[in-house]
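Structure first, then comments.
By convention here, the first residue in the shown sequence is residue 1. We count ligands from 1, going down the list as the structure has it; atoms in each ligand are counted the same way.
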Amino acid sequence: MSYASLEDLLAEGVRGRRVLVRSDLNVPLDGNVPSLRVTDDGRVRASLPVLRKLSEAGAAVIVLAHLGRPKGAPEEKYSLKPAVDALEGLADFPVRRASDTTGESARAAAASLQPGEVLVLENVRFDARETSKDDAERAAFARELAGLAGSDGAYVDDAFGAVHRKHASVFDIAQLLPAYQGDLVQAEVEVLQELTQDPKRPFVVVLGGSKVSDKLAVIDNLIGKADRLLIGGGMVFTFLAAQGHKVGASLLEEDQLDVVRGYLSRAAKAGSEFVLPTDIVVAEKFAADAGKSVVAADAIETSPYGAGGLGLDIGPATGADFAEHISEAQTVFWNGPMGVFEFEAFAGGTRTVAEALVAAGKSGALTVVGGGDSAAAVRGLGFEDGQFGHISTGGGASLEYLEGKELPGLTALERN
Ligand code: ADP
Ligand code: MG
């Protein structure tokens, strides 16, 4: 299986052609209609390079994007206008905006669009057919979108965060026009392929976060593939309880105990080693200034807070142990904070793991951070994106890829 890239499209030539680009302009907004403000323009900035390359090559570019979760009809608070304003402020190419998706405004603007210009249509989710479960409805909407590009048009998917959605602007449209991966999708897919197909070993996976049940499918798919699975965060306590230890008032998913026991016994046979914490930072209560105490992971209730104590971070010995495993790795994938990093007092484990990834990256390992909170954690702790091999932009999409699921937006782009 292979994909055609933006480079391939540029090599074919785009001058005078109309090219549809699915971008990720789903930016966070602040304020109220009509004075909404973009609070983080990261996704707009990330979308610029592909639009610029196409504009410079003389394509007339039509951007498809969504914002938030409107219910299939126009709603001013989900208008792409603030995102388009942000794009216009950052772009060195002319930016136009349509006030609808495939209506009169979009059709007129697309018809008069000049080479080098970039037209952004309104939120594709303002049309209920975008997300419809009915194949025929989605296909009809995709035909209207493709119609804006005309007979020599092309489609570029640059919105990795949406590739796990079977939506008209992601999936169906790619059946109607020659389809290419944009740079953002290509970069994500290359990294994810490296993680899943032939990772350099040792391949160490660090998993944390609040809920085991969210990550079960990922753990399941990585057993037998990863050499070591280091477990931190809130999911630790379900693992410790599965081994028969008491965990006080820590997060515990009782209904997952059997599943976790199954993983522990399967891993041993499959050649993957689970590495669990040996010490835990136990807090008196869930608060930034709570009293805390470090105890052995198999004796959580021996803390001064007894059965009421809550494990909110991995302990320092565990941090050092995890860092050592990470330093020996050639490939590291990290998803989920090691503790409640939002409270400085319980951010130590997350910081230690982030530092270990940075050091491993410096000595040549591929380091990948996935997950919304994980990315926010490393940035919030003062690390730069460039210190990691890759920070995944699409939390849900990258996890589903690692779960081994088929992603409709990628399947649609495959060429044989
Ligand atoms: P991601 O978005 O990176 O996939 P998750 O959403 O799974 O990560 O988990 C992030 C959350 O997990 C954070 O808000 C963090 O406070 C919480 N967390 C981590 N460790 C613990 C713990 N020991 N107890 C409770 N919550 C925890
Ligand atoms: Mg999260």
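Between Phe160 and Ser398, the shortest heavy-atom contact is CE2-N, 3.8 Å. Nearest heavy atom pair, residue Lys246 against residue Ile300, reads O-CB, 3.7 Å. Contact detail for Ile391 and Ala375: the closest heavy-atom pair is CG2-CB, 3.8 Å. When all heavy atoms of Ser47 and Leu25 are compared, the pair lying nearest together is OG-CD2, 3.7 Å.
When hydrogens are left out, the protein atom nearest atom 18 (N) of ligand 1 is Gly339 O, 3.9 Å; that is the closest non-hydrogen contact. At the top of the distance list for atom 12 (O) of ligand 1, counting protein heavy atoms only, stands Ser210 N, 3.2 Å. In terms of protein heavy-atom proximity, atom 21 (C) of ligand 1 is nearest to Gly234 N, 3.4 Å. Protein heavy atom in closest approach to atom 4 (O) of ligand 1: Lys215 NZ, 3.1 Å. Protein heavy atom nearest atom 6 (O) of ligand 1, with residue, atom name and distance: Asp373 OD2, 2.9 Å. Among protein heavy atoms, atom 26 (N) of ligand 1 sits closest to Val340 CG2, 3.6 Å. Summary of contacts: the protein heavy atom closest to atom 15 (C) of ligand 1 is Glu342 OE1, 3.6 Å. Among all protein heavy atoms, the one lying closest to atom 23 (N) of ligand 1 is Gly311 O, 3.0 Å.
Protein nitrogen, oxygen and sulfur atoms, that is N, O or S, within less than 2.8 Å of the Mg ion (ligand 2) amount to 1.
Within the 4.0 Å heavy-atom cutoff, Leu312 counts among the residues contacting ligand 1.
Ion pair Arg351/Glu344 flagged as a salt bridge, since at least one NZ, NE, NH1 or NH2 atom sits closer than 4.0 Å to an Asp/Glu carboxylate oxygen.
Remark: Arg415 qualifies as a cation-pi partner of Tyr180 under the 6.0 Å distance and 45° angle criteria applied to the six-membered ring. In this structure, Lys292 is positioned above the aromatic face of Phe346, its NZ or CZ under 6.0 Å from the six-membered ring centre and within 45° of the axis.
Residue Ser374 places at least one N or O, backbone or side chain, under 3.5 Å from an N or O of ligand 1.
Ligand-side atoms of ligand 1 in range of Phe237: 23 (N), range being under 4.0 angstrom from any heavy atom.
Within a 6.0 Å sphere centred on CD of Glu76, heavy atoms belonging to other residues, nucleotides or ligands number 12 at most.
Contact check for Leu29 versus Thr39: no side-chain heavy atoms found under the 4.5 Å cut-off. Considering only heavy atoms from C-beta on, Val247 stays 4.5 Å or farther from Thr238 through its side chain.
Under the salt bridge (charged side-chain N to carboxylate O under 4.0 Å, His left out) criterion, Glu328 pairs with no residue, sequence neighbours left out.
For Phe286 and Phe343, the ring centers are positioned less than 6.0 Å apart.
Only side-chain heavy atoms of Asn335 come within less than 4.0 Å of ligand 1; its backbone N, CA, C and O stay farther off.
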